Amino acid sequence: MNVPLLGYEPINGWYHPGKEKQFRGWFGIVTGTVISIDRVVKSFGTFTALHEVSLDIADNEFFTLLGPSGCGKTTLLRCIAGFEPVSGGQIRLHGEDIAPLPPFKRPVNTVFQHYALFPHMTVLENVMFGLQRLGWSVVDAEGRAKQALELVHLSQFLKRRPGQLSGGQQQRVALARALAPEPKVLLLDEPLSALDLKLRQAVRMELKQIQRETGIAFVFVTHDQEEALTMSDRIAVMSDGHVQQIGTPREIYEAPANRFVADFIGETNLIEVPVLGIEGGMAEVSLPGGRALRCPTPLTGPVGQGVLSLRPERIDLCAPGEADLVVTATDQVYLGTDIQLKATLAGGQELTIRLQNALATRLPEAGTQVGLKLEAGAARLLAA
Amino acid sequence: MRQLDLRRFPGFFAVTMLCVVVLYAPLMVVAVYSFNASSSITLWGGFSLDWYADVFTGPEAPKFRVAAMNSLIIAVLAGCGATIIATAAAVAMHRAGRFRGKTASFALINLPLMVPEVVTAVASLIFFTAIGFSGGVGTILLAHLTFCIPFAYLPIAARMQSIPDAYEQAAMDLYATPWEAFRLVLLPLMMPGIFSGFLLAFIISLDDFLITNFVKGAGVETLPTAIFGAVKQGIKPNIMAISTLMLGVSVVFVTLSWLIGRSGQRDKA
């Protein structure tokens with residue numbers, strides 16, 4: 001059964017039950033680089049979809065490409081799979097440039113957005129397809145395909161056609177089909193977007209678990225930040241064909257590198273402030289109303305103006321006397337676990353504050369003046 | 001808002017009936033009188049299958065048999081050839097991306113549908129004369145092959161349109177070479193369209209009279225030209241019997257073509 005794939009040895013051999021699984025680390029602390037995207041450029045005519053994108057994806061890593069539609073994340077995935085020829089740069093797999101190779105010579109498999117299961121084949125035949133193309137015998141291919149289907153809990157549907165399965169089951173077949181040949185990297189192109197919300201949430205954790213069990217590096221494309229934050233070891237946030245930031249979910253959320261990332265990931269309030277000084281990763285800024293505030297920043301050089309990102313859930317109410325900011329409350333939105341408070345600064349700028357429902361005992365009436373306390377980690381200074 | 005309901009228009013029923021009668025009454029007459037016991041083509045003399053027996057055993061039977069064999073051979077070969085070419089054309093039109101002359105190619109493939117048949121017939125005759133082909137089964141076959149292509153193309157292209165290229169990408173992602181992706185994935189998915197296209201091309205070739213009559217040489221007959229030849233010496237009810245048989249074959253094949261095309265649409269996942 002242990003047949004090397006295209007000359008490579010299997011990484012972990014997930015198909016051997018009971019074999020010791022190696023620890024795959026937390027938050028990107030991993031052993032080696034499996035795929036190295038090196039200054040990859042992709043243009044369609046005059047439109048440039050990817051501008052010299054560089055990133056490294058480690059062995060055993062759950063890596064997510066996150067960004068709004070049209071940011072180039074799917075194009076990058078298709079470049080790795082080989083469906084789009086790159087216009088420049090290298091895609092190295094274990095150090096070897098695979099950019100000139102056609103898709104069928106790359107030890108990389110894809111879970112397509114709409115699964116693309118072959119409708120004229122049974123579930124088992126679908127999963128065996130890749131193995132047979134690699135020259136496996138029918139018996140070996142069938143054995144491996146059954147193991148892959150077991151991994152995704154679909155052993156009872158071997159003889160069904162994809163059209164007879166539910167969306168969630170089709171998604172599992174697509175996953176089994178892509179995992180069976182034991183690719184070096186598994187590419188997932190928004191595989192959860194066709195599922196309904198409840199199913200999507202259940203599948204997330206399962207996908208993450210399968211990634212840990214198999215030890216195969218997953219490159220997951222999504223526009224859903226919640227999906228990215230809950231599943232990923234590391235996330236690359238993309239927009240307009242550029243990588244904006246690469247980091248763990250916590251880094252991306254708590255230490256956004258720029259205005260785009262701060263705004264795209266979660267909710268935030270962005271207010272322009274004069275910068276008094278920057279030293280050693282900390283900035284001193286002057287808040288509207290005159291108070292000075294020290295907060296972390298990725299900026300180094302001296303800047304006159306910056307944008308302060310304030311996370312709504314790290315702001316609390318307080319008496320106007322000891323407040324960092326004084327605002328006028330305008331509206332409340334009840335969200336169940338939270339209550340969202342809308343308020344305006346003296347300059348007319350709107351702010352959003354999130355208060356935990358359980359703790360919010362005294363909510364200000366609309367039109368009253370309220371003091372706001374910025375808790376630790378609430379503020380971060382970014383380039384304007 | 002009131003729906004525009006055609007059925008409520010005054011005279012709708014009358015117009016419908018008129019159309020049905022104009023279209024189908026002649027066929028009905030032919031079909032009914034093919035079972036006539038009398039040798040008159042206008043007077044009903046009771047039900048009999050004599051004329052059908054006459055088609056297979058009567059004095060003209062050998063002539064019809066040869067003509068029917070010719071028709072069948074030509075229809076099968078022209079249908080196969082046209083289907084292969086149309087399949088290749090459909091794959092190219094839907095998978096080659098944008099290429100120079102794509103619109104022109106599309107127009108060229110479908111042009112024979114719009115050109116008056118007699119023009120195609122004359123052009124075919126001139127062409128064969130110019131290159132020195134003498135009339136016979138060969139010229140009929142070539143001419144049929146040509147004008148059957150657009151008929152085969154229509155259902156194949158319609159089917160092709162409904163197959164997203166993700167299937168072939170998935171196949172190639174799973175280590176299938178382009179040829180394997182075509183053979184193992186695209187071709188099976190196209191099969192209902194290809195069957196449907198073949199049946200349509202087959203029946204178009206089988207039924208063709210005009211072009212055949214122009215390009216066939218002396219002494220070579222297909223079933224439609226043989227019927228035409230027999231009619232010239234006066235219409236006997238055996239012509240009605242053979243026509244009814246052809247009508248039956250046509251209806252069966254067109255229905256099959258439609259059913260296969262439709263079932264293909266339905267079991268798409």
Side-chain angles (χ1 to χ4, degrees), chain A residues 5-6 44-45 77-78 80-84 101-123 125-136 141 145 160-165 167 170 173-174 176-183 185-187 189, chain B residues 83 87 90-92 94-103 155-198 259-269:
Chain A
L5 177 74
L6 300 178
F44 298 97
L77 196 80
R78 292 174 61 82
I80 300 174
F83 305 136
E84 303 284 357
L101 296 180
F104 55 91
K105 288 193 177 152
R106 301 184 186 200
V108 165
N109 292 129
T110 309
V111 176
F112 291 82
Q113 188 171 11
H114 300 289
Y115 318 136
L117 297 174
F118 307 131
H120 58 297
M121 297 182 194
T122 63
V123 165
E125 285 165 349
N126 262 283
V127 181
M128 285 167 68
F129 186 89
L131 301 167
Q132 287 180 297
R133 300 286 83 68
L134 287 171
W136 286 47
R160 296 254 188 116
R161 296 283 164 112
Q164 297 167 294
L165 301 179
Q170 290 184 26
V173 177
R177 185 177 73 170
L179 282 171
E182 212 174 68
V185 180
L186 186 77
L187 308 174
D189 184 8
Chain B
T83 306
T87 304
V91 172
H94 288 91
R95 287 295 186 271
R98 295 150 147 272
F99 56 88
R100 270 172 66 95
K102 185 170 180 175
T103 316
I156 298 174
R159 175 71 186 166
M160 190 75 196
Q161 208 140 31
S162 70
I163 305 173
D165 60 1
Y167 289 130
E168 294 121 270
Q169 284 179 2
M172 284 200 263
D173 188 64
L174 293 162
Y175 315 107
T177 59
W179 169 244
E180 284 174 323
F182 175 74
R183 189 168 53 88
L184 299 171
V185 175
L186 187 57
L187 200 59
L189 293 177
M190 287 175 74
M191 225 46 200
I194 291 174
F195 266 127
S196 181
F198 168 76
L259 284 178
I260 290 171
R262 203 185 55 152
S263 78
Q265 294 295 329
R266 224 175 337 116
D267 62 35
K268 177 165 66 93

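Residue numbers start from 1 in every chain, and the chains themselves are labelled A, B, ... in the order their sequence lines are given, proteins ahead of strands. Bear in mind the structure is a predicted one, so any value in this text is a computation, not a measurement.
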Could you tell me whether a side-chain N or O of D173(B) sits under 3.5 Å from a main-chain N or O of T110(A), the two making a donor and an acceptor?
yes
Could you look at A171(B) and say if it's the side chain, the backbone, both or neither that has a heavy atom under 4.5 Å from chain A?
both
Per-residue contact mode, Q169(B) against chain A (heavy atom under 4.5 angstrom)
both
Measure the spacing between NE2 of H114(A) and CD of Q170(A) and express it to the nearest 0.5 Å.
11.5 Å
Of the non-hydrogen atoms in P155(B) and S196(B), which two are nearest, and what is the gap between them?
CB-OG, 3.6 Å
Does any heavy atom of chain B fall under 4.5 Å from the side chain of R161(A), the backbone, both, or neither of them?
neither
Got I194(B) and L187(B) here, is their nearest side-chain heavy-atom distance under 4.5 Å?
yes
